[in-house]
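Since the structure comes first, as structure tokens, the remarks are kept for the end.
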Amino acid sequence: MKRTHHCNELRAAHEGQTVTLAGWVHSRRDLGGVIFIDVRDREGRTQTVFDPSDLPADLFERASALRSECVVKVVGKVRLRPEGTNNPKIPTGEIEVAASQLELLNAAAVLPFPVDDPEVAGKVNEELRLKYRYLDLRRPEMARNLRLRSKAATATRLFMDEQGFLEVETPTLFKSTPEGAREFLVPSRLNAGQFYALPQSPQQFKQILMVAGVEKYFQLARCYRDEDLRADRQPEFTQIDIEMSFIEREDIYNLIEGLLQRIWKVALDLDIPTPFRRLSFQEAIDRYGIDKPDTRFEMELVDFTEEFRGSAFKVFSGAVANHGVVKALNAKGMAGVTQGQVDAMTETARSFGAKGLAYIKVEGGEWKSPIVKFFSQAEKDALSKKLDVEEGDLILFAAEQWLTACEILGKVRLFCADILSSQGKLSRAANRFDFLWVVDFPLLSFDKEQNRWYSSHHPFTAPMAEDIALLKTDPRKVRGQHYDVVVNGIELGGGSIRIHQPDVQKTVFEEVLQIPPEETKLRFGYMLEAFRYGAPPHGGIALGFDRLIAILCGTPSIRDVIAFPKTAKGTCLMTESPSPVSPKQLRDLHVELKAMKR
RNA sequence: GGGGACGUAGUUCAGCUGGUUAGAACGCAUGCCUGUCACGCAUGAGGCCGCGGGUUCGAGUCCCGUCGUCCCCGCCA
């Protein structure tokens, strides 16, 4: 080994020992007579001292020539720092290493951006950080993220093993299944004109593994989706993918609660309470206006449909007459809202098809609003009571069809929470994690444009047993055995109990989703075939691993927890991929390029 | 596919209503400095103002286009 200790290891107890450290020159303080070099490695940093009075001249010369991020090996004796020169900011701050030997393992050119100062480095343009990712990852903040990710992955594997799961790898060269997300295609050299697709998830393989009798499967699976990127979406990402046989929904809830509890304990030393609360889809929408509610704060949606059924304010009573609802929320302490903020909220409402956004500011003991003059005393009393209206409040309304009204106010609720947070009027503590299950999703949604039903989750999701009969008569009412796990308003993952009866699956494909039998056979034939030979009842879930790590690390972007992420246009700035390929490569793959627009 | 923000020194930014030689801090180079840890002090180098076009006597600044990064909508069964 080139070193005896790492750079976060030496303490007062090591005094007098001769040690060898290796690492990067984190910072150098040349006082003319004496030089301090902080040597940094993965674990931390240690101050080394070069004192000319007991060093050969050439060694001192070489020490003074060192610059930031040179790689060095330093041999020296550990000693306590002189009285009053301890550095309480670092764990090795009580000691220093009096250097007697110095070896420059590798010089470093002047850096494109600083890695030693978290203040500055944290603000550096992300473009530059991605281009020089290896420098970015040297920063302690990024190194910590990588370490946390590794810990969480290991905790997952240990836990799943303890629970009797087998980690099984599935192919990444898969078959194109033109459902759902757009796929990345891989041309086959050996089969001219044919293509593999990279899997959006191992969904079908994991169900087949249940037919194969694996019973308990898991995998940290790489998945690929050729869709537009976001802060929380990359074209390749990792899922904790799980499938189990002979289970019910409760078994999944139990398992995942245990897994998340373990991960949070190992990664953050936090004990998260279980079981998680359960919220039906209906209730989530009704109270929070979204199927992944942030329940760290209240500001719930309140229904006023009955109160305004006969209102003189036609916008409200008209909406009710049209089978809609009137909902409101109270943004406490937001009466001082700016016109710009109101405009932004109104724009949100409009994007959902609303004509506008009604509101009341409660200021100076008055209800300030263009609509309040239409309200009866009874209506005002009802608002006051059910919304607990006080001085300084802002009341916002939506009068639309139920789902639309709820979704509008759901967006407005989050918008208001952000504003109140920035004003310090609402706290969402960094170490608070509100986990919950959202359940009883509708199995199907209706596509107005294509005039057909499609699966809310995926076509293998089992209907609730008591709703199977409704499949052919009233599809809208069929609830799926689907569940999402949500934390702090972020969808962490979701899954379902699957259909294991071939006849029910056939009904869903052919009669509900209206997929022609020959197409079903082409796409899912092997799966339906497999299910004929004794498929156990089964179900599973997938958790977004990158998102999970981002939550643990407290960062909004999963790029911060992926070693080498892609930009919003799906490129890698370090390797400059994607890139053109040679004509020969294309010929081998039987691929011809169309002339590119110039 | 659509909307928005940004692009000036190696880095982070300032640059007013279009007007002389484009500034600051940090970094870098050189020198001084024996207890610093954001070391200090002095001197200095460093700019295709993303790129292309236009308006103008004159453009970092205004207009159009384009490229890149980020955020959002659509999309993500």
Side-chain angles (χ1 to χ4, degrees), chain A residues 26-40 45-55 60 64-65 67-69 79 81-90 92-93 96 98 109-132 135 177-183 200-201 203-204 223-235 237 344 347-348 350-352 411 415 443-445 447 453-461 480 482 491 494 496 508 513 515 523-524 544 556-557 559 566-569 571 573 576 598:
Chain A
H26 186 73
S27 73
R28 142 185 88 106
R29 294 173 296 280
D30 184 345
L31 273 60
V34 63
I35 302 170
F36 297 98
I37 304 278
D38 282 359
V39 181
R40 184 199 71 239
R45 59 194 228 237
T46 300
Q47 173 167 288
T48 64
V49 193
F50 293 80
D51 189 335
S53 59
D54 43 45
L55 286 178
F60 190 75
S64 76
R67 51 178 97 244
S68 265
E69 298 302 309
R79 70 183 183 202
R81 294 190 183 194
E83 191 67 36
T85 62
N86 286 3
N87 183 354
K89 289 184 207 160
I90 56 174
T92 60
E96 62 191 11
V110 175
L111 303 174
F113 62 89
V115 304
D116 59 334
D117 185 343
E119 281 280 306
V120 182
K123 282 166 68 186
V124 169
N125 195 339
E126 194 166 355
E127 200 172 341
L128 212 60
R129 290 174 50 203
L130 290 173
K131 180 170 179 190
Y132 300 97
L135 296 179
T177 54
E179 287 275 310
R182 193 177 296 117
E183 303 168 314
Q200 305 162 28
S201 82
Q203 182 62 37
Q204 295 175 38
C223 307
Y224 307 85
R225 292 181 190 173
D226 190 9
E227 296 290 350
D228 286 2
L229 285 73
R230 288 282 194 285
D232 61 352
R233 280 172 11 200
Q234 284 273 307
F237 61 99
E347 196 44 53
T348 301
R350 291 224 168 94
S351 72
F352 279 89
K411 293 275 184 198
F415 185 86
L443 183 72
L444 302 156
S445 307
D447 184 335
W453 293 95
Y454 63 95
S455 302
S456 305
H457 183 46
H458 61 55
F460 312 113
T461 302
H482 169 56
E491 182 189 331
S496 62
V508 169
L513 300 179
I515 304 174
R523 285 197 221 163
F524 306 112
S557 166
R559 288 188 302 272
K566 306 279 191 287
T567 68
K569 274 190 78 183
T571 66
L573 296 177
E576 298 186 311
R598 254 286 117 206

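Labels below follow one simple rule: chain letters A, B, ... track the order of the sequence lines, proteins then strands, and each chain is numbered from 1. Small disclaimer: the values here were computed from a predicted structure and weren't measured.
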Set of residues satisfying side-chain hydrogen bond (donor to acceptor under 3.5 Å, both in side chains) with respect to A/H26, sequence neighbours excluded
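Only A/R40 meet the side-chain hydrogen bond (donor to acceptor under 3.5 Å, both in side chains) criterion with A/H26.
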
B/S/- along nucleotides 36-42 of chain B (protein heavy atoms under 4.0 Å) is BBSB---

Contact class for [X] vs. all strands (heavy atom < 4.0 Å): base, sugar-phosphate, or nothing?
{"X": "A/T461", "value": "nothing"}
{"X": "A/T571", "value": "sugar-phosphate"}
{"X": "A/A231", "value": "sugar-phosphate"}
{"X": "A/D51", "value": "base"}
{"X": "A/R79", "value": "base"}

Please give the distance between the [atom1] atoms of [N] and [M] as a whole number of Å.
{"N": "B/rC76", "M": "B/rG18", "atom1": "C1'", "answer": "47 Å"}
{"N": "B/rA14", "M": "B/rC6", "atom1": "P", "answer": "10 Å"}
{"N": "B/rG47", "M": "B/rU55", "atom1": "P", "answer": "30 Å"}
{"N": "B/rG52", "M": "B/rU61", "atom1": "P", "answer": "13 Å"}
{"N": "B/rG15", "M": "B/rU8", "atom1": "C1'", "answer": "9 Å"}
{"N": "B/rU17", "M": "B/rG58", "atom1": "C1'", "answer": "15 Å"}
{"N": "B/rG60", "M": "B/rG19", "atom1": "C1'", "answer": "13 Å"}
{"N": "B/rG27", "M": "B/rU11", "atom1": "C1'", "answer": "7 Å"}

If you look at every heavy atom in A/V34 and A/P52, which pair is closest and at what distance?
CA-CD, 4.3 Å

Could you report the tightest heavy-atom contact between A/F50 and A/I37, atom names first, then the distance?
CE1-CG1, 3.6 Å

Output the rounded distance in Å from [atom1] ([X]) to [atom2] ([N]).
{"X": "A/E227", "N": "B/rC72", "atom1": "CD", "atom2": "C1'", "answer": "16 Å"}
{"X": "A/E126", "N": "B/rC71", "atom1": "CD", "atom2": "P", "answer": "7 Å"}
{"X": "A/L229", "N": "B/rC72", "atom1": "CG", "atom2": "P", "answer": "11 Å"}
{"X": "A/E576", "N": "B/rC67", "atom1": "CD", "atom2": "P", "answer": "17 Å"}
{"X": "A/Y132", "N": "B/rU69", "atom1": "OH", "atom2": "C1'", "answer": "15 Å"}
{"X": "A/R182", "N": "B/rG1", "atom1": "CZ", "atom2": "P", "answer": "10 Å"}
{"X": "A/E69", "N": "B/rG27", "atom1": "CD", "atom2": "C1'", "answer": "13 Å"}
{"X": "A/R230", "N": "B/rC75", "atom1": "CZ", "atom2": "P", "answer": "10 Å"}

Which base sits across from [N] as a Watson-Crick or G-U pair, both distances under 3.5 Å?
{"N": "B/rG68", "value": "B/rC6"}
{"N": "B/rG31", "value": "B/rC41"}
{"N": "B/rA59", "value": "none"}
{"N": "B/rG47", "value": "none"}
{"N": "B/rU17", "value": "none"}
{"N": "B/rA24", "value": "B/rU12"}

Polar contact flag, side-chain donor to acceptor under 3.5 angstrom, A/R523-A/Q204:
no

Comparing A/G33 and A/L130 on RNA chain B - which has the more 5′ nearest nucleotide:
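The residue whose closest nucleotide sits nearer the 5' end is A/G33.
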
Taking the nucleotide of RNA chain B with the nearest heavy atom to each, does A/A568 or A/Q200 sit closer to the 5' end?
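First, find each residue's nearest nucleotide; the 5'-ward one identifies A/A568.
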
Does [X] make a side-chain N or O approach to OP1 or OP2 of [N] shorter than 4.0 Å?
{"X": "A/R559", "N": "B/rC71", "value": "yes"}
{"X": "A/T348", "N": "B/rC73", "value": "no"}
{"X": "A/T567", "N": "B/rU69", "value": "yes"}

Which residues pass the ring-ring contact (aromatic ring centres under 6.0 Å, His included) test with A/F524, not counting sequence neighbours?
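Partners of A/F524 by the ring-ring contact (aromatic ring centres under 6.0 Å, His included) criterion, ordered by chain and then number, come out as A/F460, A/F509.
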
[X]: partners by salt bridge (Lys or Arg N to Asp or Glu O under 4.0 Å), with sequence neighbours left out:
{"X": "A/K131", "result": "none"}
{"X": "A/R233", "result": "none"}
{"X": "A/E126", "result": "A/R559"}

Report each atom pair, protein N/O against N/O of nucleotides 6-11 of chain B, whose distance is under 3.5 angstrom.
residue	atom	partner	partner atom	Å
B/rG10	O2'	A/P112	O	2.7

Per the atom types in the model, does the base of B/rC76 pair as donor or acceptor with the side chain of A/R225 at under 3.5 Å?
no

A/K411, NZ atom: more than 12 neighbouring heavy atoms under 6.0 Å
no

With sequence neighbours left out, write down each residue that passes side-chain contact (heavy atoms from CB on, under 4.5 Å) with A/P82, or none if nothing qualifies.
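Expected list: A/T85, A/E96.
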
Under the side-chain contact (heavy atoms from CB on, under 4.5 Å) test, residues paired with A/I90 that sit two or more places apart:
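side-chain contact (heavy atoms from CB on, under 4.5 Å) list for A/I90, sorted by chain: A/R45, A/R81, A/N87, A/T92.
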
Verdict with reasoning, A/T571 to A/E576, per side chain to side chain contact (heavy atoms under 4.5 Å, CB included)
CA-CA 7 Å; A/T571 66; A/E576 298 186 311; over 6 Å; no

Nearest to side-chain heavy atoms of A/S53, which nucleotide of B/rU34, B/rG74, B/rG68
B/rU34

